[in-house]
Structures are given as structure tokens and as C-alpha cells.
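This one's a predicted model, so the numbers in the text were calculated from it and none came from an experiment.
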Amino acid sequence: MLRHVFTDIDLLRFGHGSGPGAVHRRLDIGATPARCEKLSPYECGFEAFEDSRMRFDVRYYLVAIIFIVFDLEIAFFFPWAVSLKITGTFGLLAMLIFALVLVVALAYDYKKGALEWD
């Protein structure tokens with residue numbers, strides 16, 4: 001039992017020493033003065049054309065939201081595919097309904113012109 005206590009104490013020492021040690025190494029290795037290019041407002045090589053508070057077209061946000069929805073769809077398909085043997089027919093029907101709802105949403109977006117980029 002005492003042997004396990006010493007192991008835990010050693011782990012605590014290592015944990016408390018590794019954090020400050022990593023910060024110290026970062027300061028030694030990565031402490032370089034920032035160049036003027038890095039301190040400029042944009043790193044693209046030229047100054048901004050307009051005010052940074054200008055309005056964006058709503059289509060950027062719309063495309064981002066559509067991308068997130070269909071990206072999450074793929075995130076739901078992977079665990080479903082892994083557990084298909086366990087869920088059986090019920091899991092298959094549930095995922096088909098889920099996919100059908102998403103296809104209907106995609107058709108609605110296409111009909112409304114959300115995917116058009118004029």
C-alpha cells in the first residue's frame with residue numbers, strides 16, 4: 001500500500017513540475033521579438049480597402065449554417081454505421097427518416113435559392 005502512495009506522490013510532483021517547465025521552455029525557445037508584419041492589422045500584404053465593420057452579405061452566414069447542418073449529419077451517420085448490427089431494423093428506419101428530413105431541408109434550401117451565388 002505504501003508503494004502506491006509513493007507512486008501517487010511522484011505523479012503529483014511530475015504534474016506540478018511539468019507545467020512550469022513547459023512555460024519556461026516556451027519562453028526560452030519561442031521568445032522572439034514580433035516583426036512589423038506580424039504587428040500589422042492584416043497579414044495579407046496590403047492595407048484594408050474599407051472599414052472592418054462593413055456589412056457582410058447574409059449568404060455567407062446562410063452557407064455556413066447549411067454547411068454546419070450537413071456536417072453534423074455526417075457526424076451522426078458514423079456512430080449509426082458502427083452500431084447498425086445492434087440497432088437493427090429500428091435503427092435503419094430511424095436513420096432513413098433522419099436522412100429524409102435532411103434531404104427535404106436541402107430541397108427547400110435549393111428551391112428558395114439559398115445555394116445560388118449570383
Side-chain angles (χ1 to χ4, degrees):
M1 181 67 183
L2 196 55
R3 186 175 184 176
H4 294 294
V5 172
F6 285 129
T7 305
D8 292 342
I9 290 172
D10 290 337
L11 285 174
L12 286 173
R13 283 186 193 146
F14 176 74
H16 285 290
S18 63
V23 171
H24 181 67
R25 282 190 303 275
R26 184 199 58 86
L27 291 175
D28 287 343
I29 295 170
T32 58
R35 299 186 311 260
C36 62
E37 293 90 9
K38 189 69 174 176
L39 295 176
S40 66
Y42 299 100
E43 294 182 358
C44 57
F46 53 86
E47 292 297 321
F49 298 128
E50 299 175 8
D51 184 27
S52 63
R53 309 258 191 286
M54 67 180 205
R55 289 180 163 254
F56 281 100
D57 193 2
V58 73
R59 288 180 289 189
Y60 289 111
Y61 300 111
L62 206 65
V63 168
I65 289 172
I66 291 170
F67 172 76
I68 289 172
V69 165
F70 287 102
D71 191 44
L72 285 176
E73 170 192 6
I74 298 301
F76 283 126
F77 274 124
F78 281 120
W80 167 76
V82 170
S83 67
L84 186 58
K85 288 182 182 178
I86 298 170
T87 58
T89 308
F90 176 74
L92 180 65
L93 291 175
M95 192 52 72
L96 286 176
I97 292 170
F98 176 69
L100 181 67
V101 168
L102 287 171
V103 167
V104 168
L106 182 63
Y108 177 78
D109 287 340
Y110 182 74
K111 182 181 175 192
K112 287 294 187 178
L115 304 175
E116 298 292 326
W117 201 268
D118 296 327

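Once rounded to the nearest 0.5 Å, the distance linking OG1 of Thr89 with CG of Leu84 reads 9.0 Å. For the atom pair OH (Tyr60) and CD1 (Ile65), the distance works out to 15.5 Å, reported to the nearest 0.5 Å.
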Going by atom type alone, with no hydrogens or angles, which donor-acceptor pairs under 3.5 Å involve a side-chain atom of residues 90-115 and a protein atom two or more places apart or on another chain?
none

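Closest of all the heavy-atom pairs between Ser18 and Gly15 is OG-O, 3.3 Å. Between Pro79 and Ala75, the closest heavy-atom pair is CD-O, 3.0 Å.
Linking ILVMFWY side-chain heavy atoms closer than 4.5 Å, directly or via other members, places Phe70 and Ile74 in a single hydrophobic cluster. Using a 4.5 Å cut-off between side-chain heavy atoms of Ile, Leu, Val, Met, Phe, Trp and Tyr, with links allowed through other members, Tyr61 and Val63 fall into the same hydrophobic cluster. Hydrophobic clustering of Ile, Leu, Val, Met, Phe, Trp and Tyr side chains at less than 4.5 Å, counting indirect connections, unites Trp80 with Phe76.
Arg13 is linked by a salt bridge (charged side-chain N to carboxylate O under 4.0 Å, His left out) to Asp10, counting only residues two or more places apart in sequence or in another chain.
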